[in-house]
Amino acid sequence: MSGGYLVRMANGGNSDDFGFWGPPSGKPHGSVAQVVVPVTGISGCTEGVVATYVVLYCYDRWQTRCPRDRSRSGEGREQTLLNTSRILRSAGLVVILATAGYWLFADTVRRHVGAAPSNDLIRFCYWGGFDDHGMWGEVVAAFESRHPGARVKREWLPLSGYSTKMDQQFVAETAPDVIMFQDEPFPRYADEQFMDLTPLLAEAPATRARLDDCWPSAVSSFQHEGSLRGLPIMGGNVLIYCNLDAFERAGRFHDEPIEPPRDGWTLDEFVALCRRLTFDDNGDGRTDQFGLLQPHWVYYLPFIWSQGAALLNEQRTRWTLRGPEAVASFEMYANLRHRWGVTPMPIEYAGQNSDTAFLSGRVAMCVNGPWFQAFLRETRLRDRYCVVDIPRGPGGSQTRVTWDALCIYAKAPAARRTGAWRFARFVLTTEAQSIFAAHQRAIPARRACADVYIRESGGVDSAASAFVTAMREARRQPITSDWHVMSRAMRRHLTSVILDGDGRCTPTDAIDALASDRGIKATFGGR
């Protein structure tokens with residue numbers, strides 16, 4: 001029936017009450033009213049959801065009629081309405097809790113009582129925004145066109161809740177057949193949750209050749225105890241973005257041009273430029289433009305390396321962020337805020353996030369990756385920015401690289417693992433990698449597709465070209481199965497040097513506190 005749902009609803013009352021429940025959208029039928037509720041926009045809902053909507057719809061009609069009822073029924077009708085209101089509020093709370101419970105426990109229920117998915121259907125889970133969803137739609141369509149009969153069910157989640165959902169599905173043993181995964185959490189799950197792809201590669205020479213074409217850091221990021229547990233798909237490094245409009249404003253303030261930096265610049269030159277880009281334009285005592293957005297710790301990691309410090313030893317078993325180099329890296333982070341005043345406090349760019357602070361020119365420079373280009377491409381800054389290398393210090397200049405991969409769920413039925421392997425291999429083909437390149441979401445894992453990525457971004461003088469060039473000097477993050485422990489400790493103790501008031505630590509105290517952190521000592525202090 002178009003225009004609504006037909007709902008059979010028992011009711012009591014006299015003929016006048018039938019007039020309320022029935023016409024014009026229903027008709028009396030014995031002790032049951034057949035009500036046509038004009039529900040729009042919820043096609044395909046469950047009966048429970050429709051029933052909830054009916055309750056609320058009828059309640060709304062009852063409220064509309066209440067003024068007439070009060071004159072007829074007095075306080076009794078008022079009390080009935082009050083009781084009904086309470087019941088409906090409780091029902092609404094039940095619906096909300098039921099929805100939350102479904103999201104949390106549906107995977108567990110499916111594990112024990114649900115029907116098994118068809119073996120010819122490949123479940124594929126990934127995160128991202130709407131543009132990422134469209135990009136993966138193109139990849140899946142290309143795969144299905146090359147493999148008639150193959151079907152891929154896309155399960156799209158936001159990144160903010162992705163790890164939580166994966167944890168739930170791993171516990172319930174209902175995870176998708178193919179899972180997009182980041183390199184940071186990968187070691188925690190590699191052994192138990194992801195298939196060893198090494199034996200499969202022995203019978204897939206074309207895939208082995210494509211892996212040989214990948215950036216070395218991309219492949220090594222998904223090796224676990226000598227076996228490959230994921231096929232890299234795309235990733236990126238970090239460089240310094242420069243807002244050219246902000247550079248011009250600073251030049252007008254100083255009455256002389258301020259040029260963007262060149263590759264090979266030093267940490268001292270970096271600080272001097274940040275100070276020149278920071279100014280109070282109207283003399284009211286408030287900074288109108290800042291030189292740099294304070295990077296969070298993983299984006300600040302290249303500056304720690306530039307100082308000659310490192311978090312872990314080469315075997316990634318012992319904590320090494322100690323000594324004068326480590327203190328110097330924390331001291332620079334603190335000075336950016338409190339000594340030189342070139343980075344804003346959060347309250348000084350209230351209402352903006354890091355992307356919009358750079359876009360508006362509130363900050364002239366920021367540290368970010370190639371994924372930032374997709375955002376800038378849709379703004380007025382699309383031709384008004386450039387990128388430059390991380391400044392050089394005693395430890396040289398290196399950028400931090402991160403990668404994403406497709407992993408195959410080890411507990412998926414064998415029949416579906418075959419299709420999952422076919423899909424994962426397809427994502428390394430030139431066709432799929434070129435789709436990634438065209439969307440500019442990140443750098444394709446295969447070096448042969450770098451030219452496509454650069455061409456789609458504007459050519460050899462583009463920011464994309466700079467990111468590809470910097471990939472040759474990219475350094476992997478010190479990722480271990482205890483990455484989450486290290487990340488929490490680093491964020492907390494590095495932030496402590498830029499706090500206001502009594503909570504602020506000196507760089508020396510922060511380095512000592514970090515080395516003495518309970519999590520750091522337990523995981524990296526005694527090996």
Side-chain angles (χ1 to χ4, degrees), residues 238-296 299-300 302-303 306-307 328-329 331-369 372-373 375-393 397 458 461-463 466-467 495 497-500 504:
V238 294
L239 297 175
I240 297 180
Y241 280 78
C242 302
N243 182 326
L244 300 182
D245 290 341
F247 274 70
E248 287 188 0
R249 280 196 297 272
R252 290 194 297 269
F253 178 80
H254 292 289
D255 291 326
E256 61 179 359
I258 298 180
E259 298 294 332
R262 296 181 179 274
D263 291 340
W265 60 326
T266 65
L267 287 174
D268 290 339
E269 292 170 333
F270 165 73
V271 171
L273 179 60
C274 286
R275 298 181 71 177
R276 296 197 71 200
L277 292 169
T278 303
F279 59 89
D280 173 10
D281 198 23
N282 54 17
D284 64 354
R286 298 179 180 177
T287 302
D288 295 300
Q289 178 176 296
F290 292 90
L292 179 74
L293 189 72
Q294 194 106 37
H296 55 81
Y299 281 13
Y300 189 68
F303 290 85
S306 290
Q307 294 283 3
S329 67
E331 184 174 31
M332 180 176 177
Y333 196 77
N335 286 342
L336 289 170
R337 169 72 56 82
H338 292 295
R339 179 182 174 186
W340 302 311
V342 299
T343 61
M345 294 181 291
I347 195 173
E348 292 176 296
Y349 59 96
Q352 302 184 59
N353 59 25
S354 60
D355 293 350
T356 55
F358 178 83
L359 175 62
S360 66
R362 181 68 167 162
V363 295
M365 297 188 295
C366 68
V367 183
N368 216 323
F372 193 30
Q373 294 178 91
F375 168 75
L376 294 178
R377 186 172 55 183
E378 304 300 325
T379 72
R380 62 179 180 81
L381 280 188
R382 59 177 302 148
D383 299 317
R384 297 294 299 161
Y385 74 92
C386 67
V387 297
V388 65
D389 283 350
I390 301 297
R392 184 175 301 276
S397 172
D461 295 326
S462 66
F467 277 107
T495 303
V497 304
I498 60 172
L499 297 176
D500 290 317
R504 189 194 311 172

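Proximity of a side-chain donor or acceptor of Arg504 to a complementary backbone N or O of Ala334 within less than 3.5 Å is not detected. In terms of modelled atom types and a separation under 3.5 Å, the side chain of Ser397 and the main chain of Ile390 share a donor-acceptor contact. Thr287 places no side-chain N or O within donor-acceptor distance of the main-chain N or O of Gln289, the cut-off being under 3.5 Å.
Between the side chains of Ser329 and Gln307, no donor N or O sits under 3.5 Å from an acceptor N or O.
The ring pair (Phe, Tyr, Trp, His ring centres under 6.0 Å) test with Phe279 is passed by exactly one of Phe290, Phe247, Phe253: Phe253. A salt bridge (charged side-chain N to carboxylate O under 4.0 Å, His left out) with Asp245 is found for exactly one of Arg384, Arg362, Arg252, namely Arg384.
Ion pairing between Asp288 and Arg249 fails under the 4.0 Å rule for side-chain N and carboxylate O. Ionic pairing of Arg276 and Glu256 is present here: one or more N-O contacts between side-chain nitrogen and carboxylate oxygen are shorter than 4.0 angstrom.
Contact annotation: the side chain of Leu292 approaches that of Leu336 to within less than 4.5 Å [non-hydrogen atoms, C-beta and beyond]. Residues Asp263 and Val388 form a side-chain contact, since some pair of their non-hydrogen atoms from C-beta on lies under 4.5 Å apart. At least one side-chain heavy atom of Leu293 sits under 4.5 Å from a side-chain heavy atom of Pro344. Contact of the Ile240 side chain with the Pro391 side chain is registered, since non-hydrogen atoms from C-beta on lie closer than 4.5 Å. The shortest side-chain heavy-atom distance between Met345 and Gln294 does not fall under the 4.5 Å cut-off. Here the side chains of His338 and Ile498 are in contact, with some heavy-atom distance below 4.5 Å. The side-chain heavy atoms of Met365 and Leu273, taken from C-beta on, include a pair separated by under 4.5 Å.
For Phe303 and Phe270, the gap between ring centers is short of 6.0 Å.
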